Novice: 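My questions will all concern the structure given below.
Side chains are part of it too, since the values below use all heavy atoms of this structure and drop only hydrogens, waters and symmetry mates. Predicted model, so just to flag it, every value in this text is computed and none were measured. Chain letters run A, B, ... following the sequence lines, proteins first, then strands; residues in each count from 1.
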Amino acid sequence: MAKLELRDVVKSYGIYEAVRGIDLEIEDKEFVVFVGPSGCGKSTTLRMIAGLEHVTAGEIVIGGQVVNRLGPGKRDIAMVFQNYALYPHMSVRENISFCLEQQRLPKAEIDTRIARAAETLHIEELLDRRPGQLSGGQRQRVAMGRAIVRNPKVFLFDEPLSNLDAKLRVQMRTEIKRLHQILPTTTVYVTHDQVEAMTMADRVVVMKDGLIEQVGRPQELYHRPASRFVAGFIGSPSMNFLDGRLEQGAEGLGVRLADGTRLAVPPARAAAYAAGAGQPVVLGIRPEALSIRNDRPGFSPLDAAVDLVEPLGPSTMVYFTHGGASLCASIDPEAAPQAGRMLPLSVNMNQMHLFDAVTGRALAQAG
Amino acid sequence: MERIRRNPTPPPLAERLSFWGFVIAGLVVSVIFLMPVVWSLANSFKPAAEALAHPAALFSKSFSLENYRRLEGVGAGWVVYATNSVLIALGTVVLTILVSVPAGYGFSKFRFPGQSLLFVIVMATMMIPFQSILTPLFLILKFLRLQNSLTGLVLIYVTFQLPFSIFMMRNAFDAVPRALIEAARIDGASQATILRRIMLPIALPGVATVAMFAFLNSWNEFLAALIFLSDQNKFTLPIMLVNVSSGIYGIIDWGALQAGIAVTMLPCILLFLALQRYYVRGLTAGAVK
Ligand SMILES: Nc1ncnc2c1ncn2[C@@H]1O[C@H](COP(=O)(O)OP(=O)(O)OP(=O)(O)O)[C@@H](O)[C@H]1O
Ligand SMILES: [Mg+2]
């Protein structure tokens, strides 16, 4: 039960800065997910919180106490590793009780705690087995048992599900969420899977190159990405990007694409972007914002040369090219075209995003 | 989890045939390997007259400890030689483990300048033939006043045992994933606890392998023992065997020799059986995963 603060935390290996200054406050009982591409410094940040890596600069504060100089065993945290890191020569029971023994708890107390943890995670039958005799999902549960049994201030997870197959991953995902509801504890969860981030997090921290790119609730990141990077990272399939120029013309504000197509910015949003008129921009459109040609307000026409059609059931993905760029649209299966045809589409410009072509920052927060 | 099958269906015929084929082949091979051992043991308990009887019988009706008693008469007596051998072997095992475990741990889990070079140099000593440095070794032992002493011999054995042992222990500790140590640190374990409760139990097969090789090599070693020990009372079992077989008046006492062989061989076999479970795992550690 504690608040976790990172104050301008930096980690360098020699001259290489793996983490370049992270400022973040994580509230008590909050579930925060760090997400980002490989090598962006997620694990390094988590390991600094755990005390497994030295902090080069900045402060880590757990429950109001600066813990920079405390060893991992003294920080009252628990960590679940990617490959579980269960002690192979100990039974499940011994694995779970190891940390309690280190705290010199009385035997009876240890037994009740193990029983309670085993019950919560449904691993009562496994207590006398060795880790080598367990399936991947069972090992995962035991690793979580080892974490919850000590009642830590903070839970740390480093890609705990990446060794599981797709189905089990979804199952364990809900399991971890359920666990967090039963035992609300401050949690930092690292993953490179944006679906995990979106489904589990109270707040998502998107990292890139050792820096925080954006922090926000999942819906916030989805609807109001602060940069082209976040926009492309969150959402699956990812957002389409088209190069263009923001123009103020007789018909109002619009985006002129490289091939000459003009997409009108809806009047409701024009005011927010007017200041950027004349500047080169990147237009971001999610596949869901593309639909079969219609003339509802705010929709602009776009022609598509269909390359590939992928029926998914509830919707059909259409991969197409426009002016040299490869794009993807999610459309109604009823209207699905055949590959090789031209398909008239409309862009819902109410849902478009505009980014600075040079810096990649969002021009204005989309409504 | 009621998933235990009570009435497993019998395996198909082909599977059973290949199982029995395997058992029979295994038995044949074991008999071939066990025969010399059994033969020596059986012969060592025969009275002298029967040992050379023709046709040779594997077992004799008259059980006798005569051969062992006669072995008492060889030099200082076999008990003295066996004691020397045990002291040397145990000394070699203990010292080898005391040095190679921390050395292997250091090479495996720490990074320091010159590490690879140092490791290569240690390994390279394995390529030096023992015979080629007998003279310098002798001079060094003499300088240290350790010639004709069991301690000196132990030091030589340990020296020659170390490269392999350090290599084994490094591999054994390499096989312990870093994450395990980190998990233990987070669990609040001290360095000593981590070494005792996590590292050593997992590296135990490696330790057993090292102990086993140190024991066998020092137990069976002949040349160095012959050269560096000159005192009758300090000889080891292999030297005693040579003395027995070269005979007192040129006549070889086969019965006593068999008894000597039995005494020499038994501890090796017992140790091997006791440690084989670890030993096989130790040799293959790091091969998978
Ligand atoms: N011990 C180390 N020495 C030098 N560089 C390191 C070390 N550990 C990590 N790095 C570097 O720090 C950067 C961040 O690594 P980190 O493990 O935090 O990435 P990550 O975001 O967890 O990636 P992934 O999704 O692949 O796990 C990487 O570029 C990595 O090469
Ligand atoms: Mg990582």
Novice: Considering only heavy atoms, give the residues of residues 117-129 of chain B separated from chain A by less than 4.5 Å, sorted numerically, with 'none' for an empty result.
Specialist: none
Novice: Which residues from residues 43-55 of chain A are near chain B, with near meaning under 4.5 Å between non-hydrogen atoms?
Specialist: A:Arg47, A:Ala50, A:Gly51, A:Leu52
Novice: Listed by residue number, which members of residues 180-192 of chain B have a heavy atom under 4.5 Å from any heavy atom of chain A?
Specialist: B:Leu180, B:Glu182, B:Ala183, B:Ala184, B:Arg185, B:Ile186, B:Asp187, B:Gly188, B:Ala189
Novice: More than 12 heavy atoms of other residues, nucleotides or ligands under 6.0 Å from CZ of B:Phe22: yes or no?
Specialist: no
Novice: Flag yes if more than 12 heavy atoms outside B:Phe167 fall under 6.0 Å of its CZ atom; otherwise flag no.
Specialist: no
Novice: So which bits of residues 70-92 of chain A come within less than 4.5 Å of chain B, counting non-hydrogen atoms only?
Specialist: A:Pro72, A:Gly73, A:Ile77, A:Ala78, A:Met79, A:Phe81, A:Asn83, A:Ala85, A:Leu86, A:Tyr87, A:Pro88, A:His89, A:Met90
Novice: Is atom CZ of B:Arg111 surrounded by more than 12 heavy atoms (other residues, nucleotides or ligands) closer than 6.0 Å?
Specialist: yes
Novice: Does this structure show an ion pair linking A:Glu94 with B:Arg197, if we count only N-O contacts that are shorter than 4.0 Å?
Specialist: no
Novice: Is A:Gln103 close to chain B through its backbone or its side chain, or both, or neither, when contacts mean heavy atoms under 4.5 Å?
Specialist: neither
Novice: Is the CZ atom of B:Arg178 crowded by more than 12 outside heavy atoms at less than 6.0 Å?
Specialist: no
